[in-house]
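Here's the structure we're looking at; comments come further down.
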Amino acid sequence: MNNWAQRIDDAACQALRQEVDLPLKPGLVCPDDPGSHNDMDLHTFMRSVDALQGYFHDCFNLGAQGADFRPLQLRGVQAERAMLAATQGVNTHKGAIFLMGLLSAAAGVQWAEQGSLDATGLGRLVQARWGVPIVLAGVQANMAMGPAPTHGVRVKTVYGL
């Protein structure tokens, strides 16, 4: 199982590197252009990915161990802190930490329960296993945010997304 955890970690980090290395993304960070960002560039993203190495491995193992949402959430917070430390406070991968961490955990669940991986079922597994706690954590975070909501909370409020 440890080999699969490492393969998931390597694939997730490689995907993050490939995304930023892809040129011609209007407004987004590209290899030779920070896009509309004045606080990040290719090197910021690469430092971030380096800081996340091992996180997806841990999520896979937590999923394989049958972890509830709270241990995944705590590990995600640790990964976010590592990312912010590596980027001097710049949020390069907060969304990826959340989404890819959950998908990595779901892969761990699949591997432990079925001995195989089916990428098409990972989203449904996340919803079934951790959907309610995710929503409840979001509600609690929104209530705790007070007058300074995150960008994601503002988008949800304005656009209902």
Side-chain angles (χ1 to χ4, degrees), residues 1-20 29 39-40 44-157 159-161:
M1 180 170 60
N2 201 23
N3 183 41
W4 275 103
Q6 190 59 53
R7 289 176 68 181
I8 293 294
D9 191 71
D10 291 343
C13 289
Q14 184 61 27
L16 295 174
R17 286 184 189 98
Q18 288 175 345
E19 185 277 329
V20 73
V29 175
D39 60 345
M40 60 182 86
T44 313
F45 272 77
M46 293 304 180
R47 286 193 312 271
S48 176
V49 176
D50 289 345
L52 295 177
Q53 196 78 48
Y55 164 66
F56 304 104
H57 178 284
D58 293 349
C59 288
F60 181 96
N61 284 336
L62 285 168
Q65 296 163 8
D68 292 330
F69 179 67
R70 185 69 178 147
L72 291 168
Q73 184 182 35
L74 292 174
R75 184 60 184 97
V77 169
Q78 291 173 342
E80 183 179 332
R81 286 184 186 138
M83 170 201 67
L84 293 172
T87 62
Q88 289 75 49
V90 177
N91 172 15
T92 51
H93 290 114
K94 189 173 181 177
I97 289 169
F98 180 73
L99 296 172
M100 293 175 79
L102 286 169
L103 292 172
S104 297
V109 170
Q110 278 187 350
W111 185 255
E113 292 180 355
Q114 302 167 13
S116 63
L117 299 178
D118 170 25
T120 62
L122 293 178
R124 286 187 299 279
L125 183 54
V126 168
Q127 179 186 15
R129 185 70 63 123
W130 302 294
V132 170
I134 290 168
V135 170
L136 293 176
V139 168
Q140 290 170 345
N142 288 347
M143 290 170 49
M145 287 304 295
T150 64
H151 176 70
V153 170
R154 288 191 302 271
V155 168
K156 181 179 180 192
T157 301
Y159 299 105
L161 302 172

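What you see below is based on every heavy atom in this structure, not just the backbone, and it leaves out hydrogens, waters and symmetry mates.
Applying the ring pair (Phe, Tyr, Trp, His ring centres under 6.0 Å) definition to pairs two or more places apart or across chains, those involving residues 67-96 are Phe45-His93. Within the structure, the ring pair (Phe, Tyr, Trp, His ring centres under 6.0 Å) test picks out no pair touching residues 72-91 (sequence neighbours left out). Sorted by first and then second residue, the pairs that involve residues 121-134 and meet side-chain hydrogen bond (donor to acceptor under 3.5 Å, both in side chains), not counting sequence neighbours, are Glu113-Arg129. Among residue pairs with one or both ends in residues 73-85, those qualifying as side-chain hydrogen bond (donor to acceptor under 3.5 Å, both in side chains) are Asp58-Arg75, Arg70-Gln73; sequence neighbours excluded.
Here the closest non-hydrogen pair linking Ser104 and Cys59 is CB-CB, 3.9 Å. Across Met40 and Val90, no two heavy atoms sit closer than the pair CE-CG1, 3.6 Å.
In this structure, the side-chain contact (heavy atoms from CB on, under 4.5 Å) partners of Asp10, at least two apart in sequence or on a different chain, are Gln6, Gln53. Qualifying side chain to side chain donor-acceptor pair (under 3.5 Å) partners for Ser116, counting only residues two or more places apart in sequence or in other chains: none. Every residue meeting the side-chain contact (heavy atoms from CB on, under 4.5 Å) condition with Asp68, not counting sequence neighbours, appears here in chain and number order: Pro71. The side chain to side chain donor-acceptor pair (under 3.5 Å) test applied to Asp39 returns no partner, not counting sequence neighbours. Listed by chain and residue number, nothing satisfies the side chain to side chain donor-acceptor pair (under 3.5 Å) test with Thr87 (two or more places apart in sequence, or in another chain). Every residue two or more places apart in sequence or in another chain that forms a side-chain contact (heavy atoms from CB on, under 4.5 Å) with Ala51 is listed here: Ala82, Ala86. Under the rule for a side chain to side chain donor-acceptor pair (under 3.5 Å), the partners of Gln88 that lie at least two apart in sequence or sit in another chain are Arg47. For Ala12, the side-chain contact (heavy atoms from CB on, under 4.5 Å) partners two or more places apart in sequence, or in a different chain, are Phe56, Met100.
Inter-residue side-chain proximity for Ile97 and Tyr55 is flagged as met; some heavy-atom pair is nearer than 4.5 Å. With a 4.5 Å cut-off on side-chain heavy atoms, Val20 and Val49 do not count as touching.
A distance of 7.5 Å separates CG of Leu122 from CG of Leu117, quoted to the nearest 0.5 Å. Atoms CD1 and SG, on Ile8 and Cys13 in that order, are 11.5 Å from each other to the nearest 0.5 Å. One distance of note links CH2 of Trp111 with CG of Asn61; it measures 12.5 Å at 0.5 Å rounding. Leu62 contributes atom CG, which lies 10.5 Å from atom NE2 of His57 (distance to the nearest 0.5 angstrom).
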Val109 and Gln114: CA distance, side-chain angles, deciding distance, side chain to side chain contact (heavy atoms under 4.5 Å, CB included) verdict: CA-CA 8 Å; Val109 170; Gln114 302 167 13; over 6 Å; no
Candidate pair Thr92 and Val29, rule side chain to side chain contact (heavy atoms under 4.5 Å, CB included), full reasoning: CA-CA 10 Å; Thr92 51; Val29 175; over 6 Å; no
